[in-house]
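Below is one structure, written out as structure tokens, with a few remarks after it.
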Amino acid sequence: MIALTLPDGAVREFDGPVSGFDVAKSISSSLAKKSFAIIVNGEVRDLGREIETDATIEIVTKGHEEVLPLIRHDCAHVMAEAVQELYPDTQVTIGPSIENGFYYDFARKTPFTPDDLVKIEKKMHEIINRNEKIEREVWDRNEAIKFFLDKGEDYKAEIIRDLPETETITCYRQGAFIDLCRGPHSPSTGKIGKAFKLMKVAGAYWRGNSDNEMLQRIYGTCWETQEQLDAYLHMLEEAEKRDHRRLGREMDLFHMQEEAQGSVFWHDKGWKLYRKVENYIRDRLSNAGYQEVRTPQLVDRVLWEKSGHWEKFRENMFTTAPDSDEKVLALKPMNCPCHVQIFRMGSKSYRDLPLRMAEFGCCHRNEPSGGLHGIMRVRQFIQDDAHIFCTEDQIVSETKIFCDLLKSVYKDFGFTDIVVKFSDRPEVRAGSDEIWDKAENALREASEAAGLKLEINPGEGAFYGPKLEFVLRDAIGRDWQCGTLQADFVLPERLDATYMGEDGEKYRPVMLHRAILGSLERFIGILIENYAGRLPLWLSPVHAVICTITNEADDYAREVKEALAAKGLNVELDLRNEKISYKVREHSHAKIPLILALGKREAEEKTASVRRLGFKHQKTVAIADLAEDMVREIQDRVIEADF
RNA sequence: GCUGGUGUAGCUCAGCUGGUAGAGCGGCGCAUUCGUAAUGCGUAGGUCGUAGGUUCAAAUCCUAUCACCAGCACCA
């Protein structure tokens with residue numbers, strides 16, 4: 001007897017092993033038709049698989065959160081089947097479901113063209129209409145290897161060879177197509193429906209390693225309903241409109257050009273924004289007990305050799321090319337070695353620790369051309385960089401203080417949902433296991449104490465210490481590392497930083513490399529995308545534009561501008577002989593937060609008709625009150641004004 | 001760096017299989033003084049990313065190169 005417990009607590013008994021499909025059928029035949037899979041003790045399984053022991057189960061039907069990953073994976077298989085039907089010379093490799101869809105990596109000499117995608121998509125609809133049964137098969141390891149080798153599927157054979165001996169080898173068969181796969185899958189291809197679309201082709205390295213050959217990856221998106229697909233495609237279109245590169249141009253913030261690849265030309269308004277961000281973080285750091293320093297841009301390679309950068313980071317460094325045996329200088333890619341130089345000046349005592357040293361230093365890194373991206377990934381950038389020199393015992397408290405500060409700063413910028421990635425010890429590393437234990441625990445404890453949720457990145461730490469990465473998302477869902485905290489036991493050693501302990505002995509300080517915003521360029525890019533250009537008043541380069549309705553109000557408009565400027569507000573004047581609706585439209589496009597329309601009425605009453613960006617209505621306010629409200633909104637760093 | 005795609009006026013884009021460039025918006029000029037997301041008329045803008053090549057003739061075909069876009073790798 002097998003007893004299966006349903007989500008509502010009801011128990012159903014069966015004489016012997018029973019398939020998920022039969023379980024569903026025992027409840028109702030219509031349920032069986034509507035099912036995609038069955039969850040057995042928390043594990044999603046094919047309906048065709050037999051359940052052999054007592055278990056709690058749940059039938060997966062339309063709308064269940066497990067449906068999307070399932071049909072996306074089905075869709076990947078259908079795409080592979082379509083590709084092999086159309087292009088038999090293609091080998092299949094790996095094709096998982098991912099956020100919003102799926103991809104499949106193919107090995108083929110000739111790359112797929114956008115035209116091919118149209119054909120493949122058509123073929124996929126055919127296969128789905130055929131409603132092929134998807135069946136799970138358990139294979140013998142060696143037979144499976146032989147089978148795939150005979151089929152010319154070398155990659156599949158390689159995958160099986162690399163699987164642990166204990167792993168059950170399963171294949172999924174649909175029509176003439178058979179694929180090595182862990183599963184699970186829906187019962188048939190018809191379950192996928194029509195709400196999918198192939199999106200793009202791209203190269204991708206076999207097993208994610210750039211030493212390996214490059215495969216052809218096709219990305220697709222797949223949803224349960226057409227409405228969901230349409231909504232997703234619409235979201236992508238909308239996201240395009242908040243691209244910081246586009247908004248940067250439209251809002252006249254910055255530009256980039258060929259002659260300075262990977263570097264930003266900040267325009268007046270963009271630089272105003274930049275300075276607001278920089279001054280804000282400067283104040284926060286200063287209040288948090290940081291000193292600020294400034295170190296050289298060009299530094300002799302000798303120092304980089306000592307610090308280890310010459311060995312580990314040479315490829316990314318810009319250097320001078322001296323004529324003969326002159327010294328080689330390098331543009332600094334990081335501030336840390338220079339900060340150690342300042343630390344080393346004079347002698348330091350334990351009483352000086354923790355010593356928090358900040359610098360808005362300009363760093364240059366020769367990033368690979370393919371990695372550059374607007375102002376998010378550049379070759380010249382400025383970080384809100386700082387190094388905390390402290391004792392091992394101070395790591396926890398300093399990390400905690402840092403996490404709290406970071407959280408508070410992010411909140412001011414309107415980011416409350418912060419993802420933290422914790423990278424622990426890599427295989428190749430410096431320092432003893434004891435120190436690593438200590439550092440890892442410190443970082444973990446401190447960030448948890450600060451109420452941050454951690455994601456673990458196993459083995460991804462720096463060779464000199466573990467790190468926390470604070471990640472923000474851009475308009476289309478790409479993650480960007482902004483803040484970071486890295487514990488470093490190596491650099492103080494290499495550059496011989498010491499302090500005098502209570503006992504009169506010399507000790508090595510630990511260095512915490514840390515940034516909150518990360519690169520200001522990147523952070524501003526994220527800000528622009530996050531707000532779709534509609535920056536909070538405290539960050540907006542221009543606070544308001546005064547628009548006259550007729551030139552009768554020109555004198556009053558100048559008066560208002562004076563009054564607001566006197567309060568430190570940045571206000572522009574639009575006295576052009578244009579219709580008010582024309583001006584409103586133009587300044588709305590330019591993402592000006594407030595439009596003040598002034599006509600005869602306002603001039604007589606000493607008021608302004610105020611319209612907030614994003615709102616259709618307006619309200620009439622006395623100038624003095626308006627100025628006061630604006631100043632308060634800026635001081636309070638209001639993210640979303642309720643108008 | 002790798003794979004694919006793109007590069008035509010300030011912006012968005014058209015220009016079929018080769019016959020020396022076109023629209024809308026924006027700019028400028030004139031008129032309009034018009035109360036909350038486009039007033040009308042007129043006008044000026046381009047070595048078609050760059051360098052070679054094929055051809056009587058190249059934005060269009062070929063080669064190289066640069067930049068950008070997407071993805072991969074990288075991101076100390």
Side-chain angles (χ1 to χ4, degrees), chain A residues 103 105 108 110-114 116-117 199-219 240 243 245-246 249-250 252 255-262 304 307-309 311-317 333-334 336 363 365-374 376-379 381 460-464 467 469 476 478-481 484 486 488 491 513 518-519 522 547-554 575-590 595-602 609-620:
Chain A
Y103 69 78
D105 285 347
R108 181 169 181 248
T110 38
F112 297 106
T113 64
D116 292 335
L117 290 196
M199 303 296 280
K200 57 201 170 197
V201 226
Y205 297 107
W206 168 236
R207 299 202 146 168
N209 186 335
S210 59
D211 294 333
N212 292 341
E213 58 276 34
M214 187 162 262
L215 308 170
Q216 304 294 322
R217 174 173 298 180
I218 301 178
Y219 282 95
E240 210 177 298
D243 188 314
R245 292 163 296 194
R246 175 183 174 140
R249 185 183 60 236
E250 288 175 358
D252 194 17
H255 85 271
M256 321 269 289
Q257 66 186 50
E258 277 193 40
E259 290 81 355
Q261 197 190 5
W304 303 114
S307 71
H309 287 85
E311 186 197 350
K312 298 266 180 196
F313 208 64
R314 173 75 188 88
E315 281 182 359
N316 288 292
M317 288 166 69
M334 300 177 204
C336 28
C363 294
R365 296 181 194 172
N366 197 357
E367 302 286 358
S369 58
L372 299 175
H373 180 86
M376 305 273 222
R377 181 108 182 253
V378 285
R379 289 189 172 144
F381 55 93
E460 292 291 308
F463 74 96
Y464 52 72
K467 60 182 179 185
E469 294 173 20
I476 58 170
R478 287 179 292 213
D479 284 344
W480 294 94
Q481 184 198 312
T484 183
Q486 306 169 14
D488 180 359
L491 204 58
H513 304 243
S519 116
R522 172 176 296 181
C547 299
T548 47
I549 288 163
T550 70
N551 57 21
E552 277 180 315
D554 284 5
L575 303 181
R576 289 174 305 168
N577 176 16
E578 294 289 354
K579 296 212 292 196
I580 189 66
S581 53
Y582 180 87
K583 294 184 183 183
V584 165
R585 180 182 152 87
E586 200 173 86
H587 299 304
S588 298
H589 279 279
I595 294 171
L596 316 185
L598 305 184
K600 212 170 165 183
R601 208 159 59 219
E602 287 77 11
S609 165
V610 184
R611 182 190 171 112
R612 166 85 61 175
L613 181 61
F615 291 83
K616 284 230 163 25
H617 62 281
Q618 53 271 170
K619 66 176 178 185
T620 304

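Chain A is the first sequence line, chain B the second, and so forth, proteins listed ahead of strands; every chain is numbered from 1.
- The residue F381(A) sits close to a base: some heavy atom pair falls under 4.0 Å.
- Residue Y219(A) has a polar side-chain atom (N or O) positioned under 4.0 Å from OP1 or OP2 of rC72(B).
- Nucleic acid contact class of H373(A) (heavy atoms, under 4.0 Å, all strands): sugar-phosphate only.
- Heavy atoms of E469(A) sit nowhere under 4.0 angstrom from any nucleic acid atom.
- Base pairing annotation: rU36(B) forms no Watson-Crick or G-U wobble pair, as no partner gives both donor-acceptor distances under 3.5 Å.
- A straight line from CD1 of I595(A) to P of rA38(B) spans 12 Å, rounded to a whole angstrom.
- The residue R108(A) sits apart from the nucleic acid: no heavy atom pair falls under 4.0 Å.
- In this structure, CG of N209(A) is placed 20 Å from P of rG71(B), rounded to the nearest angstrom.
- Atom CD of E259(A) has more than 12 neighbouring heavy atoms from other residues, nucleotides or ligands inside a 6.0 Å radius.
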Under the side-chain contact (heavy atoms from CB on, under 4.5 Å) rule, what do K312(A) and Y464(A) come out as? Steps first, then yes or no, please.
-> CA-CA 12 Å; K312(A) 298 266 180 196; Y464(A) 52 72; over 6 Å; no
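- Contact annotation for S588(A): base contact, defined as any heavy-atom pair under 4.0 Å involving a base atom.
- N551(A) has its CG atom 13 Å from the P atom of rA31(B), to the nearest Å.
- Within the structure, every side-chain polar atom (N or O) of Q216(A) is placed at least 4.0 Å from both OP1 and OP2 of rC72(B).
- Under the Watson-Crick or G-U wobble criterion, with both distances below 3.5 Å, rU47(B) is left unpaired in every strand shown.
- Between R478(A) and rG71(B) there is a side-chain polar atom (N or O) within less than 4.0 angstrom of OP1 or OP2.
- Between L215(A) and G262(A), the one whose closest nucleotide on RNA chain B sits nearer the 5' end is L215(A).
- Nucleotide rG10(B): paired with rC25(B) (Watson-Crick or G-U wobble, both distances less than 3.5 Å).
- For the pair R377(A) (side chain) and L372(A) (backbone), a donor-acceptor distance under 3.5 Å is absent.
- Note on F463(A): nothing from the nucleic acid sits closer than 4.0 angstrom, heavy atoms only.
- Within 4.0 Å of K600(A), counting heavy atoms only, lies at least one base atom of the nucleic acid.
- Among the heavy atoms of the strands lying under 4.0 Å from R611(A) is at least one base atom, whether or not backbone atoms are also near.
- Within 4.0 Å of Q486(A), counting heavy atoms only, lies no atom of the nucleic acid at all.
- Nearer to the 5' terminus of RNA chain B, by closest-nucleotide assignment, is the contact made by F112(A) (compared with the other of F112(A) and W480(A)).
- K583(A) places a side-chain N or O within donor-acceptor distance of the main-chain N or O of R576(A), the cut-off being under 3.5 Å.
- Taking 4.0 angstrom as the limit, S210(A) places none of its side-chain polar atoms (N or O) nearer than this to OP1 or OP2 of rG1(B).
- R585(A) places its CZ atom 9 Å from the P atom of rU39(B), with the value rounded to the nearest Å.
- Not one side-chain nitrogen or oxygen of R246(A) sits closer than 4.0 Å to the OP1 or OP2 atom of rC11(B).
- When side chains are defined from C-beta on, R379(A) counts as touching Q261(A), because their heavy atoms get closer than 4.5 Å.
- OP1 or OP2 of rA70(B) sits under 4.0 Å from a side-chain N or O of R245(A).
- Phosphate contact (OP1/OP2 of rU12(B), side-chain N/O of R249(A), threshold under 4.0 Å): present.
- Contacts of P368(A) with the nucleic acid, taken as non-hydrogen atoms under 4.0 Å apart, include base atoms.
- Taking only side-chain nitrogens and oxygens, Q261(A) comes nearer than 4.0 Å to OP1 or OP2 of rA67(B).
- With hydrogens and angles left out, the side chain of E258(A) and the base of rG7(B) share no donor-acceptor pair within 3.5 Å.
- As judged by a 4.0 angstrom heavy-atom cut-off over every strand, Y582(A) is placed among residues touching the sugar-phosphate backbone only.
- In this structure rG19(B) sits in a base pair with rC56(B), meeting the Watson-Crick or G-U test at under 3.5 Å.
- Contact annotation for K467(A): backbone-only contact, meaning every heavy-atom pair under 4.0 Å involves sugar-phosphate atoms and none involves a base.
- Using a 4.0 Å heavy-atom distance criterion, K579(A) is classed as a base contact.
- E311(A) places no side-chain N or O within 3.5 Å of a backbone atom of G308(A) that could act as its donor or acceptor partner.
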